[in-house]
Amino acid sequence: MQTNNFKINNKVYPILSRFATEMGTNKVIDVDNRSEKVDELRAAMARPIISNAMLLGGAGTGKTAIVEYFAHRYTAENEYVLELDVVSMAQNGRDQFNAYLKRAMDEVLSLQETTGVVLDIFIDEFHVVAMNGGTDAIKPILARSGLLGVHLIVATTDDEYFDYIKPNQALDQRLQPIKLDEPSDEEMLPILRNTVKFYGKDMEEFFNDRILRKIISYGKYQPEFFQPRKSILFIDALIGDWRALQIKPSVRHLNERLKSATGISADWQTDVDRVVVGLKKRVKGQDAAIDIMKDSLNVAVAGLQDPTKPMGSYLFTGTTGTGKTELVKALSEQIFGSEKALQRFDMSEYQTQESVSIFQERVTIGLTKHPYTILLFDELEKAHAGVRNLLLQLLDDGRMSNRYGRQISGLNAYVIMTTNLGAGVLADVANKDADVREYQELLFSELAITLSPEFLGRLSAIVPFQPLNNRVLTEIALLRVNELSKRIYRRYGVSLKLAKEDYDLPDGFLQSSFRVNKVLAYLVADHIKKDANNGGGRAVARRIESEVASVIATELNHNSNIRERYDHFILSIEGVMVLDNRYDARGTAHIKVTPHLRN
């Protein structure tokens, strides 16, 4: 290997020639604003006996940049810093890695003895050494580095340190820890100024403090990454777009870059009134539930919620099929622009003590990757008490610890839990045609039997979902039929139509009846049960899938020229449909699907 300052004989030192690179020989980004950490590294290298250092911090906190700066500015005339690429060394397996590492350390000692120079060996991703059993190869240097004139500088993340290095006490004690936390926003500004200066004087005119502060603030949208790297990557991307595409760096283009990278629109403004209208349009029969949420959403959107807690926390209570999950999906779409912002956890999977840690890990990973999210915890009552304790921490402090003890923020998340508890109270409300909000106190008492008053008291709101009467169910049936029709039309160019025949259908909870299309009456009537847990809108959707979608799918799969032959399908009722009382459908009725030929 030939460098600007230091020559290594390829034949004498083949491993170093292949895997080592001299640091500090080229232009580097000035990190003088982090001089305290540079000074800690300088002091560690100057120790007389054990002169080794371990830089600890998240990926992107600047560990390598500090070593580069140290190598460029503070090494003595006969001192050189070589970076050893252990990741490449490990590509061919553990045995090959250890052979390479042993030979590399032998070559380092030989090179130092032959030349008399001081060698600082930098090993990034140091956990690779520990997890592959390579510590024996570096032991001779670790114990007497200052006396040998060969120093080790290693770098790793906190998580990998706790997993692979801390358990090895002898190894841990021979490495002087230098902790790198993420820079604060004010500390970030000079780092980014230096970064822009590094890219050339022509870039300084584009990146004033206004856009740099905006770049820094957008770091909150990528909490899985660390500063300063995530801000530097934004600058790098903007400069690349300017040089290649002549797109001038600006806040507007920065917003486009952010959306491309994260799916988040930084300039998105949530209009609560628009959200409420959208929710009521999509979720039928639960206007009272949506109105209860409205006040809390207004507070969150205005930024007036408790800054130590999530954006909002809600317990959706009611029987299955009443629209709880559908409302969560609609909220995700209305608040974040997509259902993809929703993260769902089935609490029936976390019923044992052993599953508590699994739950903790999945939630913290989810929050790390997607902090602007809705967390849906379905069927809360089925979860182990330990899981509910973790949720209590999230509701109380707006954060949850991961398995390494690191606090993961949930301050930008909406937390929604669903439960079937309280169904008896809500069924009574429906049978009396009463306002569910008048029963909140009774509902709270019933919920508190299973969920503690302390837990319930941490919520922004308890949101009750009433059982659905048949007027609402027919609206849902029509909505689902129309959705199916749109899917078929987009793919095959044909639509669905309902035969024009009406039917008298009872409300379900009241004594009155109403006229409705006979197909919709059929889809709903078989599910009019006194039992409030009959499945509601979900049962109607299942029937559409089994008796409508499956029949049409068979027709579509057996005809390759659907677009040319058919204009639409007509849904009608064949046979006799009789309601022998206001709860049960009887008779020979079934749905008939008739293709309508094009003219």
Side-chain angles (χ1 to χ4, degrees), residues 1 3-8 16 19-87 104-105 108 111-112 115-127 129 138 141-142 145-158 161 165 174-183 187-188 190-195 197-198 226-229 232:
M1 178 183 72
T3 68
N4 292 337
N5 300 316
F6 196 61
K7 183 183 292 185
I8 295 178
L16 290 183
F19 295 110
T21 306
E22 187 176 355
M23 302 181 73
T25 59
N26 299 314
K27 183 181 177 183
V28 299
I29 297 176
D30 194 326
V31 294
D32 255 356
N33 55 300
R34 306 187 84 180
S35 58
E36 180 184 341
K37 299 304 176 184
V38 178
D39 288 345
E40 287 183 41
L41 179 58
R42 293 172 61 196
M45 294 298 96
R47 290 188 172 197
I49 299 176
I50 301 179
S51 47
N52 310 304
M54 175 170 54
L55 295 164
L56 282 173
T61 50
K63 300 185 291 295
T64 301
I66 284 175
V67 179
E68 279 277 14
Y69 188 70
F70 164 78
H72 183 75
R73 182 162 180 178
Y74 289 109
T75 49
E77 188 175 342
N78 68 332
E79 183 179 7
Y80 300 93
V81 182
L82 301 180
E83 180 174 8
L84 193 62
D85 184 359
V86 294
V87 174
M105 293 300 104
V108 166
L111 179 61
Q112 191 284 325
T115 61
V117 299
V118 175
L119 294 175
D120 302 326
I121 307 301
F122 175 53
I123 303 177
D124 198 5
E125 309 286 349
F126 183 63
H127 61 279
V129 174
I138 62 175
I141 294 176
L142 277 173
S145 50
L147 301 174
L148 294 171
V150 176
H151 312 147
L152 289 183
I153 305 171
V154 305
T156 192
T157 66
D158 296 304
Y161 165 73
I165 299 166
R174 287 172 169 80
L175 297 166
Q176 175 64 27
I178 300 174
K179 185 76 175 72
L180 265 72
D181 294 318
E182 280 192 280
E187 290 170 334
M188 277 294 301
I191 292 174
L192 295 192
R193 287 174 184 154
N194 288 337
T195 301
K197 190 181 297 183
F198 173 81
F226 291 86
Q227 295 283 29
R229 180 190 290 171
I232 291 173

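- Within the 3.5 Å criterion, the main-chain N or O of L180 finds no donor-acceptor partner in the side chain of K37.
- The residue from L41, I29, D30 that alone fulfils the side chain to side chain contact (heavy atoms under 4.5 Å, CB included) condition with Y69 is D30.
- Here L84 contributes atom CG and F122 contributes atom CZ; the two are 10.5 Å apart, rounded to the nearest 0.5 Å.
- By the salt bridge (Lys or Arg N to Asp or Glu O under 4.0 Å) test, D39 is found to be paired with R42, residues two or more places apart in sequence or in another chain being considered.
- Between the side chain of E182 and the backbone N or O of Q227, at least one donor-acceptor pair lies under 3.5 Å.
- Listed here is the closest heavy atom pair of L152 and M45: O-CE, 3.9 Å.
- Of all heavy-atom pairs between I123 and V86, the closest is CG2-CG1, 3.6 Å.
- Distance check, rounded to the nearest 0.5 Å: CG of L175 to CZ of F126 gives 5.5 Å.
- In this structure, CG on L148 lies 11.5 Å from CD1 on I49, to the nearest 0.5 angstrom.
- Considering all non-hydrogen atoms of both residues, R47 and S51 come closest at O-CB, 3.4 Å.
- Atoms CD1 and CZ, on I66 and R34 in that order, are 4.5 Å from each other to the nearest 0.5 Å.
- To the nearest 0.5 Å, the span separating OG1 on T156 from CD on E125 amounts to 7.0 Å.
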_One pair to check against side-chain contact (heavy atoms from CB on, under 4.5 Å): I232 and L192. What are the steps and the verdict?_
CA-CA 7 Å; I232 291 173; L192 295 192; 4.0 Å; yes

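- Between D158 and G58 the shortest heavy-atom distance is OD2-N, 4.4 Å.
- Shortest non-hydrogen contact noted between R174 and I50 is O-CG2, 3.6 Å.
- Looking only at distances, no side-chain donor or acceptor of Q176 sits under 3.5 Å from a matching main-chain atom of N52.
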_Run D120 and M23 through side-chain contact (heavy atoms from CB on, under 4.5 Å) and show every step you take._
CA-CA 10 Å; D120 302 326; M23 302 181 73; over 6 Å; no

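- The side-chain hydrogen bond (donor to acceptor under 3.5 Å, both in side chains) search around Y161 returns D172, not counting sequence neighbours.
- Within 6.0 Å of NZ on K197 lie no more than 12 heavy atoms contributed by other residues, nucleotides or ligands.
- Counting heavy atoms from C-beta on, the side chains of D85 and T21 never come closer than 4.5 Å.
- Taking every heavy atom of both residues into account, E68 and V28 meet most closely at OE1-CG1, 3.9 Å.
- Taking CD1 of I178 as the start and CG of L56 as the end, the distance is 9.0 Å to the nearest 0.5 Å.
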